[in-house]
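What follows is a set of notes on a single structure, which appears directly below.
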Amino acid sequence: MEYVMKSFAPCLALGLLAIPLLSPAQVTKQGNGYLFRMKFTKGQVMNYKLTSQSTGATPNPINVGMAMSMNVKKVSNGKATVDVKMGSMTMNGQPMNSGAPMVQTMTMDTMGAASGGNIAGSFGGNYPAKAIPVGGTWSAKVPVQAPGAMGGNMAATYKFLGFQNVGGKQVAKVGMTMTGVSSGSGTMLISAVDGSLISTNVTTTTKMGNPQTGKPIVLKSTIKVSRV
């Protein structure tokens, strides 16, 4: 049980893998399609609320909440140096972390690929090389780096579903399906003005190893991310 609880928190990130959290990106018309690219601004801070409800690891559902922020510290030659802070985590209403929040620094390019830091592998090159028409798809492979996770890669396929109006703002709606160490599907909304992530909602199934029993644990999760 203790192993499951300690390993579950990093697995919340599995639901975020292949989701381009860091923005703003540009969603610009190009020919018959739309080009998705990162556009970094020094000093930009983005705050998110992450929640997850999972079953399969314990007799009762596990509810996790976590705050995450991204701070663009420097922009050079189209690449950004970003501080990622993860903290204020709770599990079933109880605090899970103590002391100062975890902060890691990584570098991201305009395609969304990241390097540096232990969590950089959770961010793949998510944006397509070419403009995507409404209804078009693209794929990305993401290396998974999470304690307890079985396997090492996840493939994500995205589908540009078009634009819609949410709260008076135009957003691009993107569907996603994931296979590999974590599988599932969901949607995300991206601001059409600056490309920042508005929200995402995915359901996933993740296999974890458990050295205490020698048997895999299968987690079924509903994960939501919202900008705050």
Side-chain angles (χ1 to χ4, degrees), residues 1-23 43-73 81-106 108 114 116-123 142-150 154 178 181-184 186 188-189 196-213 215-228:
M1 177 64 122
E2 181 180 1
Y3 173 81
V4 172
M5 300 299 279
K6 287 183 177 179
S7 298
F8 179 77
C11 285
L12 173 63
L14 291 176
L16 306 177
L17 301 176
I19 302 173
L21 285 174
L22 185 68
S23 279
Q44 181 196 9
V45 178
M46 300 181 67
N47 298 310
Y48 292 95
K49 178 182 179 182
L50 291 60
T51 61
S52 173
Q53 183 177 84
S54 296
T55 59
T58 60
N60 298 315
I62 299 175
N63 294 285
V64 172
M66 182 171 65
M68 181 173 71
S69 67
M70 294 183 169
N71 187 347
V72 179
K73 306 296 289 186
T81 300
V82 183
D83 282 350
V84 181
K85 180 170 68 175
M86 305 175 76
S88 303
M89 180 180 289
T90 61
M91 183 174 289
N92 292 339
Q94 300 299 315
M96 286 296 294
N97 52 341
S98 59
M102 181 185 75
V103 179
Q104 292 196 22
T105 300
M106 61 186 183
M108 296 193 74
N118 294 334
I119 63 173
S122 297
F123 297 81
V142 182
V144 175
Q145 297 179 359
M150 299 179 65
M154 183 175 70
M178 298 167 286
V181 61
S182 184
S183 60
M188 59 183 171
L189 300 180
S196 59
L197 181 70
I198 303 300
S199 65
T200 190
N201 189 331
V202 298
T203 57
T204 65
T205 299
T206 303
K207 288 186 177 181
M208 295 171 52
N210 188 342
Q212 294 180 349
T213 65
K215 298 179 180 180
I217 298 171
V218 180
L219 296 174
K220 295 186 177 181
S221 305
T222 297
I223 301 168
K224 297 180 181 180
V225 181
S226 57
R227 183 86 174 265
V228 295

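Throughout, numbering of the chain's residues begins at 1 and tracks the sequence. The figures that follow rest on heavy atoms only: side chains count, while hydrogens, waters and symmetry mates do not.
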| From CA spacing to verdict: side-chain contact (heavy atoms from CB on, under 4.5 Å), Leu50, Met68 | CA-CA 7 Å; Leu50 291 60; Met68 181 173 71; 4.0 Å; yes

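- Considering only residues two or more places apart in sequence or on other chains, Asn47 meets the side chain to side chain contact (heavy atoms under 4.5 Å, CB included) condition with Val45, Ser69, Val228.
- Side-chain atoms of Val84 and Met106, non-hydrogen and from C-beta on, do get closer than 4.5 Å to each other.
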| field | Audit row: Lys220, Thr204, side-chain contact (heavy atoms from CB on, under 4.5 Å) steps and yes/no | value | CA-CA 6 Å; Lys220 295 186 177 181; Thr204 65; over 6 Å; no

| message | Test side-chain contact (heavy atoms from CB on, under 4.5 Å) on Asn71 and Lys85; report intermediate values, then the result. | response | CA-CA 8 Å; Asn71 187 347; Lys85 180 170 68 175; over 6 Å; no

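- A distance of 10.5 Å separates OG in Ser226 from CG in Asn201, rounded to the nearest 0.5 Å.
- Side-chain contact between Thr81 and Val72 is absent, with no heavy-atom pair separated by less than 4.5 Å.
- Looking only at distances, a side-chain donor or acceptor of Asn92 sits under 3.5 Å from a matching main-chain atom of Asn63.
- The distance from the CD1 atom of Ile217 to the OG atom of Ser54 is 11.5 Å, given to the nearest 0.5 Å.
- Side-chain atoms of Ser221 never come within 3.5 Å of backbone atoms of Ile223 as a donor-acceptor pair (strictly under, hydrogens ignored).
- Atom-to-atom distance recorded for Lys224:NZ and Gln53:CD is 9.5 Å, nearest 0.5 angstrom.
- Counting heavy atoms from C-beta on, the side chains of Val218 and Thr205 come closer than 4.5 Å.
- Using a 4.5 Å heavy-atom threshold, the side chains of Val225 and Lys49 count as separate.
- Expressed to the nearest 0.5 Å, how far CE of Met66 lies from OG1 of Thr90 amounts to 10.0 Å.
- Interatomic distance, Met46 CE to Met70 CE, rounded to the nearest 0.5 Å: 8.0 Å.
- By the 4.5 Å heavy-atom criterion applied to side chains, Met89 and Val64 are counted as neighbours.
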